[in-house]
Amino acid sequence: MSSKQNEQAISPIKGMRDILPEEARLWQMVEASARKIFELYGFRELRAPILEPTELFERGTGASSDIVTKEMYTFTDKGGRSVTLRPEYTPSVVRAIIEHRLDLQPLPLRFYYTGPMFRYDRPQKGRYRQFHQIDVEVFGEQDAAIDAEIIEMAYRFFQEVKVEGVSTLVNSVGCPRCRPAYGQALREAATKASDRLCTDCQRKAEINPLRIFDCKQESCQEAARTFPRITDYLCEECREHFKKFLSYLDLYQLPYRIEPTLVRGLDYYTKTTFELVVENLGAQNAIGGGGRYDNMVKEFGGPDLCGTGLAIGLERLLLVSKLEAPAPDFAYFAYSGEQARQASLLAARYFRTLGIPCIIEFKERSWKAHFSRANKIGATWTVIIGEDELSSGEYQLKDMLESKQYKGTIEQLTQIVIEKEKARQGILGRD
RNA sequence: GUGAGUGUAGCUCAAAGGUUAGAGCACUGGACUGUGGAUCCAGUGGUUGGGGGUUCGAUUCCCCUCACUCACCCCA
């Protein structure tokens with residue numbers, strides 16, 4: 001700590017936080033699982049910048065979306081350009097595809113990415129201003145089977161990272177051909193029922209009547225039940241796509257519920273939308289979500305390339321994951337005197353060359369204090385080097401878990417560690 | 001942006017207007033200078049989030065402010 005003179009401690013910016021080593025270990029495990037599983041489905045990582053031109057999101061995410069109208073971290077850089085910390089990932093991939101003419105590669109394209117996103121929201125449980133997503137996108141595949149496969153992949157991932165009780169809400173929001181008619185029908189119904197709606201919903205009837213569906217007022221819910229459903233307004237193509245999508249979910253035997261009121265806050269979705277929700281997460285119960293966006297690439301001036309994707313929120317995932325990080329295995333060096341210290345340093349170098357993690361500390365300690373320290377920091381092995389060991393040339397190795405002690409040359413001792421670790425499936429046995 | 005709740009040691013919490021703000025855990029050291037976990041003892045650590053007010057006296061009551069939490073809106 002710094003001096004206590006009226007200095008104010010510097011805290012992180014609201015909605016942002018440090019991830020300390022113990023928790024970071026879990027993040028590493030989750031990210032490693034994601035990579036492993038996504039690669040298993042042919043996805044490849046595509047890393048895009050965190051900072052993008054503001055216009056990318058105004059056009060991609062949608063100028064009327066909540067994200068763009070009130071949640072972006074936008075500022076002017078020293079060159080006078082308006083830049084934005086990305087609030088989501090999809091527009092960046094679309095930009096990269098056009099930039100690098102990736103559409104000329106064999107289709108479909110499968111990309112994944114994991115990293116921080118930024119939205120200027122009011123923080124609450126499961127919601128931060130800097131949060132992290134893992135994101136997958138597929139381009140150039142119109143078949144509804146891919147929409148289902150992405151969800152199947154998500155379930156495999158959830159299983160791998162010990163997230164249980166995930167259910168899927170699915171819907172189709174139609175396309176620019178069928179959506180306008182529905183929007184009009186819904187607006188008319190909402191206006192007609194205006195006197196039965198709360199003041200909040202009366203306002204929604206104008207702006208976004210779909211939102212009336214998830215109002216908690218009993219009278220609004222009652223009125224909403226009489227409103228037309230999007231699924232009754234889909235055009236032939238969209239209806240077919242939706243039917244096929246559901247049939248593949250059935251094939252995988254994935255649990256889902258059709259939620260005709262599921263609207264997502266991003267403007268670009270067409271046809272399939274879905275949300276992965278989980279219990280015990282409080283109000284922000286969506287652990288993942290996504291859908292199809294068949295027109296975004298074209299609207300950016302690129303080729304007519306359809307897209308579909310999924311984003312998973314890592315903070316929320318970790319809030320419900322039962323994953324536990326195994327304690328790290330390593331050797332601690334207990335020594336006495338300068339000569340033994342030097343012998344320890346060289347021994348640790350040899351250990352590390354063989355892939356055995358070591359921690360060596362430089363505080364002079366009694367033997368008892370050394371062992372106490374080794375125990376406290378969780379060492380699995382303690383290497384003992386004192387006067388006796390220096391003169392005999394044989395060091396000692398203590399197995400801290402079994403309280404067994406060995407004596408031998410440094411080569412012999414490393415062999416013991418390696419064999420034992422293998423048997424225990426310790427760090428040397430893992431991939 | 002709106003609403004509610006909470007701020008006391010690193011963590012979890014006491015102290016209900018009255019001496020020098022305490023305890024457990026954690027940390028450091030000792031009992032114990034060639035062997036850890038247990039036990040016992042001691043020590044470090046606080047502008048009670050900050051500012052103002054009421055009062056002889058405020059951690060306690062009032063106001064402002066900041067932070068955190070939860071919820072609305074929306075989303076991961």
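So that the names make sense, note that chain A is the first sequence line, chain B the second, and so on, each numbered from 1. Because the structure is predicted, anything quoted here is derived from the model rather than measured.
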Please check the phosphate of B:C68 (OP1 and OP2 only) for any side-chain N or O of A:K14 closer than 4.0 Å.
yes

Would A:R129 and A:F118 count as a cation-pi pair here, with the cationic atom under 6.0 angstrom from the ring centre and within 45° of the axis?
no

Looking across every strand, which nucleic acid part, if any, lies under 4.0 Å from A:E275 by heavy atom: base, sugar-phosphate, or nothing?
nothing

Sorted by position of nearest nucleotide on RNA chain B, 5' first, the leading residue of A:Y120 and A:R129 is A:Y120

Please list, pair by pair, any protein nitrogen or oxygen found under 3.5 Å from a nitrogen or oxygen in nucleotides 4-12 of chain B.
none

So does A:Q124 get a side-chain nitrogen or oxygen closer than 4.0 Å to the phosphate oxygens (OP1/OP2) of B:C72?
yes

Over all strands shown, is A:A286 touching base, sugar-phosphate only, or nothing at heavy-atom distances under 4.0 angstrom?
sugar-phosphate

Once you apply a heavy-atom cut-off of 4.0 Å, does A:L314 come out as touching a base, just sugar-phosphate, or nothing?
nothing

Looking at CZ of A:F131 and CD of A:Q133, how far apart are the two atoms once the value is rounded to the nearest 0.5 Å?
4.5 Å

5' priority, RNA chain B, between A:I385 and A:G15 [closest heavy atom]
A:I385

Watson-Crick or G-U stems involving RNA chain B, each at least 3 pairs long, distances under 3.5 Å, ordered by first number
B:1-7 with B:66-72, B:10-13 with B:22-25, B:27-31 with B:39-43, B:49-53 with B:61-65

Check: A:F333 ring centre within less than 6.0 Å of A:F351 ring centre
yes

Nearest 0.5 Å please: distance from the CH2 atom of A:W27 over to the CD atom of A:E22.
15.0 Å

Mind checking if A:I287 touches a base, just sugar-phosphate, or nothing, with heavy atoms under 4.0 Å?
sugar-phosphate

Parallel, tilted or perpendicular for A:Y155 and A:F158, by the 30°/60° rule?
perpendicular

With sugar-phosphate meaning primed atoms plus P, OP1 and OP2, does A:G288 contact a base, only sugar-phosphate, or nothing at under 4.0 Å between heavy atoms?
sugar-phosphate

May I ask you to test the A:R59-A:M296 pair for a side-chain heavy-atom distance under 4.5 Å?
no

Using the six-membered base ring of B:U35, report whether A:F371 stacks on it, requiring centroids under 5.5 Å and planes under 30° apart.
yes

Between B:C74 atom P and A:L262 atom CG, what is the distance in whole Å?
13 Å

For the residue pair A:R341 and A:Y335, would you count it as a cation-pi contact if the rule is NZ or CZ under 6.0 angstrom from the ring centre and within 45 degrees of the ring axis?
no

So, is A:K363 close to the B:G29 phosphate, meaning a side-chain N or O under 4.0 Å from OP1 or OP2?
yes

Taking all non-hydrogen atoms of both residues, which atom of A:M72 and which atom of A:P87 are closest, and how far apart?
SD-CG, 3.9 Å

So for A:Q405 and B:G34, does any side-chain atom that can act as donor or acceptor lie under 3.5 Å from a complementary atom in the base?
no

Between A:Y268 and A:Y293, does the ring centroid distance fall short of 6.0 Å?
yes

Distance check needed: B:G1 C1' versus A:K70 NZ, whole Å only.
7 Å

Is the NZ or CZ atom of A:R17 both under 6.0 Å from the centre of the six-membered ring of A:Y128 and within 45° of that ring's axis?
yes

NA contact type, A:K376, heavy-atom cut-off 4.0 Å: base, sugar-phosphate, or nothing?
sugar-phosphate

Classify the nucleic acid contact of A:E389 as base, sugar-phosphate or nothing, counting any heavy atom under 4.0 Å across all strands shown.
base

